[in-house]
Amino acid sequence: MPATPSDPGTSRTRSWWGWGYADAHPDDAECAAMGALLPGTLARPLPIPRVTDLSVGRPGATPPPALAHLITTDPEARASHAMGKAYRDIIRALRGRPGRIPDLVARPTDEQEVADLLDWAGGHDVAVIPFGGGSSVVGGVEYRGDTHRAVLSLDMTSMNRVLEIDTASRSARIQAGALGPVLEEQLRPHGLTLRHFPQSFEFSTLGGWLATRAGGHYATVHTHIDDFVQSLNVVTPAGAGRSWRLPASGAGPSPDRLFLGSEGALGVITEAWMRLQERPRFKASASVAFADFHQALDAVRAIAQSDLAPANCRLLDPGEALLSGASHDGSAVLVLGFESATARVDDRLTSALDLARSYGGRAGTPAGPDHEAPADAAVSAWRSTFLRMPYLRDGLARMGAVVDTFETAATWDRIPALIDAVRTEVGAAALKATGHPATVNCRLTHVYPDGAAPYFTVAVAGRPGDEVEVWDDIKAAAGDVLHRHRATITHHHAVGRDHRPGYDLQRPEPFALALRAAKDALDPHRILNPGVLID
């Protein structure tokens with residue numbers, strides 16, 4: 001069954017330098033008010049950067065006439081494709097030091113055009129950086145170095161259609177450049193949904209989710225985009241390939257697994273058949289407050305090891321709960337949510353709340369379509385802050401603050417000590433780097449029967465002009481703690497270039513040898529996203 005593409009329905013302008021929409025950023029007064037809460041920040045916010053103030057040089061390569069209609073050298077387009085949206089990227093843009101700006105931006109409309117662009121680039125020493133929504137927070141969409149003649153940013157967002165829907169198998173063939181809202185709008189008339197909602201949902205693409213093994217909003221069971229993949233189409237410099245659509249297979253190593261998480265270093269994901277589901281009709285949510293954070297960890301572990309499978313099971317430590325407005329009395333807060341397309345979820349929520357109470361939790365009033373009560377205030381506050389937080393981070397960056405997030409995952413036996421060590425050691429590293437005390441908060445974003453994914457937020461007044469160096473010091477300290485506690489360098493933000501040192505330590509050497517061999521075979525000219533995953 002064919003599906004018709006739909007316009008996302010907005011004419012708002014994306015910020016070239018910061019997160020999201022340009023009109024959603026805090027104004028100067030709000031930036032100053034936030035900075036006042038963090039002693040040591042600037043007296044007034046840094047000005048919004050302008051593309052006209054950047055040194056955007058002449059392109060280092062000229063495409064052939066047959067490809068010229070796909071490529072632009074417009075300075076604003078090039079600047080907006082120079083970096084992702086990590087703190088490191090934001091502060092470099094604010095300071096007028098965005099790094100290597102791509103020479104060319106290409107927007108292919110089909111697989112053949114992707115193949116043609118790769119053929120040309122391979123023969124002319126042009127690095128190709130696959131680019132979806134540009135929301136990477138790990139340096140995954142920028143070029144670092146000077147070994148290539150020119151850099152081409154391969155923007156996939158013109159390939160944004162749901163091409164086919166198989167209602168019998170409840171799956172769809174979707175082009176990789178579809179942004180989250182564009183994808184969901186095309187599925188909505190069919191009563192179906194991919195239901196993968198990362199925080200970057202508005203500003204990231206299906207191909208980006210696949211290439212980075214993105215985590216979605218589900219806190220249990222279907223936590224990663226991997227769970228929804230049926231098959232992939234990939235174009236590499238060595239040729240194109242399509243895996244079979246199958247519900248499952250034991251036929252050797254999975255070809256899809258080679259490209260899931262490959263971050264554009266082995267090939268360009270152009271299409272995918274994705275497993276869908278019916279839209280949920282039954283929802284219910286509630287919050288639970290805990291006076292003791294470690295008791296809250298035990299409660300979450302008990303819920304994760306039950307068969308209740310909440311869609312949302314986010315534990316906020318007292319600092320995170322205060323920051324989001326979910327609590328003002330020093331309590332940790334657990335945000336629970338259940339949903340289903342076929343059955344009421346009241347009983348599952350009640351059982352989860354009973355488990356939480358047995359560990360000292362104080363439950364709020366359940367809310368949702370199954371209940372008459374209004375939305376739980378703590379749940380509403382958390383949701384609102386969750387969506388607003390990247391904009392607030394950019395506002396603090398304008399005040400010279402260093403604001404970073406990083407996430408990880410470890411087994412339950414290591415989680416309490418890991419969280420305590422990060423708070424202590426990363427806080428100490430920030431103090432040493434800046435001379436100012438840092439705020440280090442934690443929340444659990446995803447939970448499993450055997451472990452959890454802590455997500456940390458660090459905020460500290462920076463050294464004016466040296467914010468990137470401070471960020472590097474904090475990031476290195478965090479990586480050291482994670483490595484010592486056998487926690488992954490990333491749970492869902494990908495490796496990119498920023499997490500590369502930790503990834504090199506984490507992966508087994510025989511696997512690294514296999515990855516290098518795959519790179520040699522699939523990308524013999526070494527043009528695809530150089531520096532990501534392997535050299």
Side-chain angles (χ1 to χ4, degrees), residues 193-198 215-228 275 277-290 292-317 320-321 326-327 331-373 375-380 382-383 386 409-413 415-416 442-455 491-492:
T193 175
L194 179 59
R195 205 142 185 83
H196 182 78
F197 299 129
H217 82 292
Y218 283 120
T220 65
V221 187
H222 300 299
T223 59
H224 278 73
I225 194 67
D226 311 35
D227 301 317
F228 302 107
R275 299 181 178 98
Q277 54 189 299
E278 296 178 25
R279 293 183 172 274
R281 294 188 297 130
F282 303 96
K283 297 181 183 181
S285 61
S287 65
V288 186
F290 292 86
D292 185 287
F293 181 68
H294 285 86
Q295 276 192 297
L297 287 174
D298 291 338
V300 172
R301 176 166 55 86
I303 293 170
Q305 292 175 347
S306 72
D307 62 356
L308 297 171
N312 198 2
C313 187
R314 315 262 171 155
L315 176 62
L316 318 179
D317 76 359
E320 190 80 10
S327 171
S331 297
V333 173
L334 172 61
V335 178
L336 281 170
F338 290 84
E339 60 183 51
S340 172
T342 59
R344 297 174 69 90
V345 294
D346 299 62
D347 290 347
R348 289 160 60 195
L349 178 60
T350 298
S351 296
L353 292 176
D354 287 344
L355 264 178
R357 290 189 187 97
S358 71
Y359 289 89
R362 306 184 310 277
T365 303
D370 295 345
H371 302 278
E372 297 297 330
D376 183 298
V379 174
S380 297
W382 171 78
R383 285 175 179 160
F386 176 74
T411 51
W412 281 115
D413 59 317
I415 288 291
C442 175
R443 67 179 184 266
L444 301 188
T445 62
H446 302 77
V447 295
Y448 306 90
D450 54 345
Y455 189 113
H491 173 261
H492 60 265

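When every heavy atom of L444 is checked against every heavy atom of P454, the shortest pair comes out as CD2-CA, 3.8 Å. Scanning all heavy atoms of the two residues, the minimum distance from S306 to I303 falls at OG-O, 2.6 Å. Scanning all heavy atoms of the two residues, the minimum distance from S327 to V333 falls at CB-CG2, 3.5 Å. Nearest heavy atoms, L316 versus A326: CD1-CB, 4.0 Å. Among all heavy-atom pairs drawn from F290 and A356, the shortest one is CE2-O, 3.7 Å. Annotation for R281 and A341: closest pair NE-O, 3.2 Å, computed over non-hydrogen atoms.
Of the inter-residue distances, the one linking R344 atom CZ with L349 atom CG reads 12.0 Å to the nearest 0.5 angstrom. Rounding to the nearest 0.5 angstrom, the gap separating the CG atom in D346 from the CZ atom in F338 is 11.0 Å. Distance check: L194 CG to Q277 CD gives 8.0 Å after rounding to the nearest 0.5 Å.
A side-chain donor-acceptor contact under 3.5 Å links R314 to the backbone of T445. In this structure, R443 contributes its side chain and Y455 its backbone to no donor-acceptor pair below 3.5 Å. With T220 contributing its side chain and P310 its backbone, the two residues share a donor-acceptor pair below 3.5 Å. A distance-only check finds a donor-acceptor pair linking the side chain of R348 to the backbone of A309 [under 3.5 Å]. The closest donor-acceptor contact from the side chain of H446 to the backbone of G216 lies under 3.5 Å. In terms of modelled atom types and a separation under 3.5 Å, the side chain of E339 and the main chain of K283 share no donor-acceptor contact.
The closest side-chain heavy-atom distance from H217 to R195 is below 4.5 Å. Residues L308 and L355 form a side-chain contact, since some pair of their non-hydrogen atoms from C-beta on lies under 4.5 Å apart. The shortest distance between side-chain heavy atoms of C313 and L334 falls below 4.5 Å. Counting heavy atoms from C-beta outward, R357 and L353 have side chains that approach closer than 4.5 Å.
A side-chain contact (heavy atoms from CB on, under 4.5 Å) with V300 is found for exactly one of V447, L336, V288, I415, namely V447.
More than 12 heavy atoms of other residues, nucleotides or ligands shown are found within 6.0 angstrom of CG on D227.
For Y448, the ring pair (Phe, Tyr, Trp, His ring centres under 6.0 Å) partners at least two apart in sequence or on another chain are H491.
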Check: Taking it one step at a time, do D292 and Y359 satisfy side-chain contact (heavy atoms from CB on, under 4.5 Å)?
Finding: CA-CA 9 Å; D292 185 287; Y359 289 89; over 6 Å; no
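The closest side-chain donor-acceptor pair between R362 and S331 falls under 3.5 angstrom.
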